[in-house]
Amino acid sequence: MNSKTNYFGIATVYDMTRVAIVTALYVVITMVFASLSYGPVQFRVAELLNLLALYNKRYVVAVALGVGISNALGPLGPIDVIWGALSTFATMLILYYVAQHIRIYANKLVAGVVIVTLSMVTIAAELPIVLHMSFWGTFWMNWLTVGVGELVVLIAGAIFFWILNQQVDLHRILD
């Protein structure tokens with residue numbers, strides 16, 4: 001069975017290894033930049049890996065696992081582990097399917113930046129719960145601060161992937 005016949009593209013040891021590497025990379029990057037990775041104001045650098053969903057569904061699983069593990073190592077508790085991983089999983093599935101209908105690579109990157117940045121509404125909704133704050137009193141500010149951090153990281157990631165794709169065929173390497 002090749003990876004094209006499995007729903008998430010994870011059918012071989014090679015596929016599982018790719019998932020494990022991306023998951024580990026997400027966790028390592030998050031921990032290296034831990035002071036920026038948690039809370040209402042965050043620049044989680046590892047979030048640039050969300051753009052991998054443009055290439056293959058296996059990365060939807062990889063990044064969602066990375067988020068879950070990173071959140072388990074973070075200060076916000078079990079709600080953050082479950083909520084963050086499920087939110088990432090759903091967002092990346094949406095991104096993957098939207099990207100399948102976009103032909104121009106630059107437009108795929110723009111869609112990735114927009115979709116993932118807007119999805120920070122889920123994190124803005126979670127933060128008042130895990131930080132024991134007033135929901136409506138902090139929701140919009142949380143969405144703004146987390147969203148801006150996400151936007152900055154994703155724009156940098158999109159530029160990185162754009163430049164890298166000019167040098168090597170990322171679709172061939174990452175598929």
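For reference, positions follow the sequence shown, starting with 1. Side-chain atoms are counted along with the backbone in the values below, which use heavy atoms only and exclude waters and symmetry mates.
When L65, T88, V67 are each tested for a side chain to side chain contact (heavy atoms under 4.5 Å, CB included) with Y26, only one passes: V67. Of the options D175, V61, D15, L174, a side chain to side chain contact (heavy atoms under 4.5 Å, CB included) to N56 is made by D175 and by none of the others.
Residues L127 and T138 form no side-chain contact, since every pair of their non-hydrogen atoms from C-beta on lies 4.5 Å or further apart. Between T91 and I115, the closest side-chain pair of non-hydrogen atoms falls below 4.5 Å. Between L54 and F161, the closest side-chain pair of non-hydrogen atoms is not below 4.5 Å. Between L76 and L131, some side-chain heavy-atom pair lies under the 4.5 Å cut-off. Taking 4.5 Å as the limit, some side-chain heavy atom of L95 sits within range of a side-chain heavy atom of V116. A heavy-atom distance below 4.5 Å is found between the side chains of L170 and Y55. For the pair P128/W136, no side-chain contact is recorded, criterion being any heavy-atom separation below 4.5 Å from C-beta on. Y97 is not listed as a side-chain neighbour of M92, based on a closest heavy-atom distance of 4.5 Å or more.
Looking only at distances, no side-chain donor or acceptor of T117 sits under 3.5 Å from a matching main-chain atom of V114. When atom types are taken as modelled, the side chain of W143 and the backbone of A125 share no donor-acceptor pair closer than 3.5 angstrom. Remark: side-chain polar atoms of S37 are paired, donor with acceptor, to backbone N or O of T30 under 3.5 angstrom.
Rounding to the nearest 0.5 angstrom, the gap separating the CZ atom in F139 from the CD atom in E126 is 12.0 Å. Distance check, rounded to the nearest 0.5 Å: CE of M120 to CZ of R44 gives 9.0 Å. Annotation: the span from H171 atom NE2 to K108 atom NZ amounts to 4.5 Å, rounded to 0.5 Å. Annotation: the span from L49 atom CG to T23 atom OG1 amounts to 9.5 Å, rounded to 0.5 Å. In this structure, S119 OG and E150 CD are separated by 6.0 Å, a value rounded to the nearest 0.5 Å. Note that the OH atom of Y59 and the CD1 atom of I10 stand 10.0 Å from one another [nearest 0.5 Å].
Close placement of the F89 and F8 rings is indicated, their centers lying within 6.0 Å of each other.
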From CA spacing to verdict: side-chain contact (heavy atoms from CB on, under 4.5 Å), E47, N50: CA-CA 5 Å; E47 285 289 294; N50 282 317; 2.6 Å; yes
